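Working notes for the structure below.
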Amino acid sequence: MLDIRNLKVLYGPIEAVHGISLRVEEGQCVTLLGPNGAGKSSTISAICGVAKATGDITFLGQDLLGTEIEDRVRAGISVSPEGRRIFSNLSVEANLQLGAGIRTDRDGIEADIDHWFTTFPILGERRTQSAGTLSGGEQQMLAIARALMAKPKILLLDEPSLGLAPRIVGQIFDMIEQLKSEGMTILLVEQNARQALRISDYAYLLNTGTIQAEGTTATLGQNDELMAKLTGLG
Ligand code: ATP
């Protein structure tokens, strides 16, 4: 579904990602693991069209490189960014409506908002309150729900568990697992290796802008040395 080849991500003269290749098949959850500064967020930004990149990014047979961010959302790519980036001063409901910016089916949008308020009653209770009043975990759920309001074909999740208490981290991973069981294709960036591998099919280990290891999660899980290194990260 998503096929990336020889991707380089550039910040002016600085090359943050040095020609990586990765694939995500429909219905899979694929994880990008790696320490701070490895290039995980840069890879996500390049897929969304936020960061400048070279190489090939093919999504459902369509070449995305050089296309606008909105075109990629229309093609079916949606992101829940690192740091959540919810609009704190806007209401919970307005945040969800913004996620549906490319849609015109008003009734469908309302139905989807109601779906999220039923799934996460706390969001429904606070629908008119500013999103900044939500806890960190609730904001993360809102960020994921907002990304899903675009009705994507692939969901990019950048460090959804970052800065959350262990109990809440469990809830976030349960939510991701639920989405996967419903058929959503997911590219997950995580430092929490053990939890991420538990729900993923395939993983790539990124370090200093290159892929250092990759494999099915079953194979990686059996590599004790690699797992010791990975679990030290998050
Ligand atoms: P983290 O978990 O800390 O976000 P990461 O694996 O997502 O780590 P990136 O944020 O992609 O890593 O950063 C990769 C490299 O690119 C780092 O060396 C970082 O300093 C650099 N970098 C990231 N964003 C920019 C930017 N806007 N301008 C210049 N350099 C950047």
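Indexing begins at 1, ligand by ligand and atom by atom, following the structure's order. On a predicted model such as this, the values are computed, not experimentally measured, just so you know.
No side-chain donor from either of R127 and S91 sits under 3.5 Å from a side-chain acceptor of the other. Side-chain N/O atoms of Y202 and E214 include a donor and acceptor closer than 3.5 Å. Side chains of S130 and T133: a donor-acceptor N/O pair is absent below 3.5 angstrom, by distance only. In this model, no donor atom of one side chain and acceptor atom of the other lie less than 3.5 Å apart for N192 and E159. Between the side chains of T31 and E190, no donor-acceptor pair is found at a separation under 3.5 Å.
In this structure, atom 12 (O) of ligand 1 lies nearest to the protein heavy atom G39 N, 3.1 Å. Looking from atom 22 (N) of ligand 1 to the surrounding protein, the closest heavy atom is Y11 CE1, 3.5 Å. The shortest contact between atom 16 (O) of ligand 1 and any protein heavy atom is with A16 CB, 3.2 Å. Atom 14 (C) of ligand 1 has as its closest protein heavy atom G37 O, 3.4 Å. In this structure, atom 2 (O) of ligand 1 lies nearest to the protein heavy atom E159 OE2, 2.9 Å.
Contact atoms of ligand 1 toward S41: 4 (O), 5 (P), 7 (O), 10 (O), 11 (O) (distance under 4.0 Å to a heavy atom of the residue). Of all the atoms in ligand 1, the ones that sit under 4.0 Å from a non-hydrogen atom of Q191 are 2 (O). Short contacts between ligand 1 and E82, defined as distances under 4.0 Å to a heavy atom of the residue, involve ligand atoms 2 (O), 4 (O). Counting atoms of ligand 1 from 1 in the listed order, those under 4.0 Å from a heavy atom of S42 are 9 (P), 11 (O), 13 (O), 14 (C).
Salt bridge absent: E82 and K40 never bring a charged side-chain N and a carboxylate O closer than 4.0 Å. Between K180 and E182 there is no salt bridge, since no side-chain N of the basic residue sits under 4.0 Å from a carboxylate O of the acidic one.
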Next on the checklist: What verdict does the side-chain hydrogen bond (donor to acceptor under 3.5 Å, both in side chains) test give for T216 and T219, after you've listed the backbone C-alpha separation in whole Å, the side-chain angles of each residue and the deciding distance to 0.1 Å?
Outcome noted: CA-CA 5 Å; T216 61; T219 312; 2.5 Å; yes
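Under 4.0 Å from ligand 1, the heavy atoms of P35 that appear belong solely to its backbone.
For atom 19 (C) of ligand 1, no protein non-hydrogen atom is found at a distance below 4.0 Å.
Here the shortest heavy-atom distance to atom 5 (P) of ligand 1, taken over E190, K52, K40, E15, belongs to K40.
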